[in-house]
Amino acid sequence: MIGKSIMKVGEGLLQKPATLEFPEQREELTDNYRGIHKLDIKTCISCAACARICPNQTIDMVDIETEKGTKKMPLVNLERCLFCALCEEVCPPKCLILTKDYSFEAFDRREYIKRPEDLG
Ligand code: SF4
Ligand code: SF4
């Protein structure tokens, strides 16, 4: 009985650690993983299709200054996001995509509200 227990402890010591040294080590993600949005401001046509399709009113169209003047672009509130990717699906120029980035830890809830400039 004691021998078996010692064997078990020995096995445990030889095994690789079950946890990762976050943030230096990151989990391998599946191909269809959906993380934080990325927006290409230069190709967004301000059509608001992403805001209209969003099932959780996560996207607001806000003014931003561009080389071509003031334009409306999506602001994303990650606190409300379901990561369903409908906004990505409907975007005509495919300038709004969901990346594999899942690092959006924050000290303040307001940091979850991402203006178009923050989604680059
Ligand atoms: S992923 Fe879904 S819930 Fe999140 S902003 Fe896009 S449409 Fe809305
Ligand atoms: S991100 Fe895409 S869907 Fe949203 S306003 Fe820009 S072009 Fe339209």
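Both ligands and their constituent atoms are indexed starting at 1 by order of listing. All residue numbers refer to positions in the sequence shown, counting from 1.
With contacts defined as side-chain heavy-atom distances shorter than 4.5 Å, the pair His37/Cys81 qualifies. Side-chain contact between Phe83 and Leu78 is present, with heavy atoms from C-beta onward closer than 4.5 Å. Taking the side chain as every heavy atom from C-beta outward, Lys94 and Thr43 never approach each other to under 4.5 Å.
Close approach of ligand 2 to Cys44 (heavy-atom distance below 4.0 Å) involves ligand atoms 1 (S), 5 (S), 6 (Fe), 7 (S). Close contacts of ligand 2 with Ala48, meaning ligand atoms under 4.0 Å from a residue heavy atom, involve 5 (S), 8 (Fe). Taking a cut-off of under 4.0 Å to the non-hydrogen atoms of Leu96, the atoms of ligand 2 that pass are 1 (S). Taking every heavy atom of Leu39 and a limit of under 4.0 angstrom, the matching atoms of ligand 2 come to 1 (S). Less than 4.0 angstrom separates some heavy atom of Ile59 from each of these atoms of ligand 1: 5 (S). Proximity to Cys95 (heavy-atom distance under 4.0 Å) selects the following atoms of ligand 2: 1 (S), 2 (Fe), 6 (Fe), 7 (S).
Leu39 and Ile45 fall into different hydrophobic clusters, where Ile, Leu, Val, Met, Phe, Trp and Tyr residues are linked whenever their side-chain heavy atoms come under 4.5 Å apart, directly or through other members. Tyr33 and Phe22 fall within a single hydrophobic cluster, where Ile, Leu, Val, Met, Phe, Trp and Tyr side chains are chained together by heavy-atom contacts under 4.5 Å.
Heavy-atom minimum distance, Leu96 versus Cys91: N-SG, 3.7 Å. Counting all heavy atoms, side chain and backbone alike, Ile41 lies closest to Met73 at O-CE, 3.4 Å.
Note on Asp63 versus Lys71: no salt bridge recorded, every NZ/NE/NH1/NH2 to OD/OE distance being 4.0 Å or above.
Sorted by chain and number, the protein atoms of type N, O or S within less than 2.8 Å of atom 2 (Fe) of ligand 1 are Cys84 SG.
Under 4.0 Å from ligand 2, the heavy atoms of Pro93 that appear belong solely to its side chain. Only the side chain of Met61 comes within 4.0 Å of ligand 2, judged by heavy-atom distances.
Distances shorter than 4.0 angstrom occur between a heavy atom of His37 and an atom of ligand 1.
At a threshold of 2.8 Å, atom 2 (Fe) of ligand 2 has a backbone or side-chain N, O or S atom of Cys91 nearer than that distance.
A donor-acceptor distance shorter than 3.5 angstrom exists from the side chain of Lys114 to the backbone of Glu111, with no hydrogens or angles considered.
Scanning all protein heavy atoms for the shortest distance to atom 4 (Fe) of ligand 2 gives Cys50 SG, 2.4 Å. Protein heavy atom nearest atom 7 (S) of ligand 2, with residue, atom name and distance: Ile45 N, 3.4 Å. Among protein heavy atoms, atom 8 (Fe) of ligand 2 sits closest to Cys47 SG, 2.3 Å.
In this structure, Gln25 places its CD atom where more than 12 heavy-atom neighbours from other residues, nucleotides or ligands lie under 6.0 Å away. Within a 6.0 Å radius of CD in Glu27, other residues, nucleotides and ligands contribute 12 heavy atoms or fewer.
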Donor-acceptor pairs under 3.5 angstrom involving side-chain atoms of residues 48-62: please list them, not counting sequence neighbours.
| residue | atom | partner | partner atom | Å |
| --- | --- | --- | --- | --- |
| Arg52 | NH1 | Cys47 | O | 3.3 |
| Asn56 | ND2 | Arg80 | O | 2.6 |
| Thr58 | OG1 | Arg80 | O | 3.3 |

